[in-house]
2 protein chains.
Amino acid sequence: MAENEIEKCEVEEIHVDKVRAVTKNMPDEDELYDLAELFKVFGDSTRMRILFALFEADICVCDIAETLNMTQSAISHQLKILKQAKLVNFRREGKSVIYFLADDHVRTIIDQGREHIEE
Amino acid sequence: MAENEIEKCEVEEIHVDKVRAVTKNMPDEDELYDLAELFKVFGDSTRMRILFALFEADICVCDIAETLNMTQSAISHQLKILKQAKLVNFRREGKSVIYFLADDHVRTIIDQGREHIEE
DNA sequence: CAAACATATGAACAAATGCTCATATGTTAA
DNA sequence: TTAACATATGAGCATTTGTTCATATGTTTG
């Protein structure tokens, strides 16, 4: 292994320092995984649409389905993912289940994303 | 179609209003797609690791590979995705290509993600 | 120029993802 | 309790995604 490093980059001393510095502040495995999982949830246009819908109003599954012109089942599956990521919460109202945004990080994250896209 | 709506929710009038209100502020197809694509880029722990590395220093492909203990090819493929999303930029320095963060949205988005995870 | 190094890229393959369909669970009203 | 409505969920399937392997491109040095 130590011999292997020498074979790599010419200016290996500088590089080793950089690698060490960069490694130092790297979050642990679990946090990296959780972060990636969180952003993965934002990374689907159906879920994005659902979140935008919830920006405007608390709304039931059936209405989300109608708004997005998709099946109830597809929406329900996606809501499960949003729930697991704690991006949305829900309350029962009679036969309906009303979903709503869990907290303001959702808006902030999406707003930053939009800003980035506008260059 | 019009008949179909009546078959759906009992309190359809309220629902129709909600659907209309919610639809009104929905970003267009393209923006939703772009947003989802952007967050998809954050949704992989290898790319997340690369971004954290770039938080600390501008660094070449070979050093990223060594830091993450992955092959040069895998890193290069991921850097291409980060480049396309304009999250990173690069400059040539001799034989090496040095990558660096494109702008501060990257930090803000990731910071918000971390905050969300800490509940 | 040729050799060595650093990076990029295309094809292939396994794993993950999103939707559909059928059906289960839960709630209300007759 | 039964029927009707609203939502949830498991299995199956097609598509997407991340890595590896082999190789191409680009840069410097002898």
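The structure displayed is predicted, hence computed values, not measured ones. Scope of the values below: all heavy atoms of this structure, side chains included, with no hydrogens, waters or symmetry mates.
Side chain of A/C60, nearest nucleotide from D/dT20, D/dT7, C/dT7: D/dT7. Ranking D/dT19, C/dT27, C/dA8 by closeness to the B/S76 side chain, first place goes to C/dA8. Of the candidate nucleotides D/dT19, C/dC19, C/dT7, C/dT7 has the atom lying nearest to any side-chain atom of B/V97. Checked against D/dA6, D/dT9, D/dT7, the side chain of A/Q72 finds its nearest nucleotide in D/dT7. With D/dT28, C/dA11, C/dT20 as the candidates, the nucleotide lying closest to the side chain of A/H77 is C/dT20.
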Give every donor-acceptor pair under 3.5 Å between a side-chain atom in residues 75-84 of chain B and any protein atom, sequence neighbours left out.
residue	atom	partner	partner atom	Å
B/Q78	OE1	B/R47	NH1	2.8
B/K83	NZ	B/Y99	OH	3.4

Without placing hydrogens or testing angles, list every side-chain donor-acceptor pair under 3.5 Å for residues 109-119 of chain B, not counting sequence neighbours.
residue	atom	partner	partner atom	Å
B/R114	NE	A/E31	OE2	2.8
B/R114	NH2	A/E31	OE2	3.3
B/E115	OE1	A/H105	NE2	3.1
B/H116	ND1	A/D103	OD2	3.2
B/H116	NE2	A/A85	O	3.0
B/E119	OE2	A/K86	NZ	2.6

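A/F39 and A/F42 have tilted rings, their planes meeting at an angle from 30° to 60° on a 0 to 90° scale.
Here A/Y99 lies in heavy-atom contact (under 4.0 Å) with sugar-phosphate atoms only. Backbone-only engagement by A/S96 is indicated by non-hydrogen atom pairs under 4.0 Å involving sugar-phosphate atoms exclusively.
B/I75 places its CD1 atom 11 Å from the C1' atom of D/dG18, with the value rounded to the nearest Å.
When each of A/T71 and B/S73 is assigned the nucleotide of DNA chain C with its nearest heavy atom, B/S73 is the one assigned upstream, toward the 5' end.
Residues from residues 33-46 of chain A lying near DNA chain C, meaning a heavy-atom separation below 4.0 Å, are A/K40, A/D44, A/T46 in numerical order.
In terms of phosphate contacts, B/R47 brings a side-chain nitrogen or oxygen within less than 4.0 Å of OP1 or OP2 of D/dG18.
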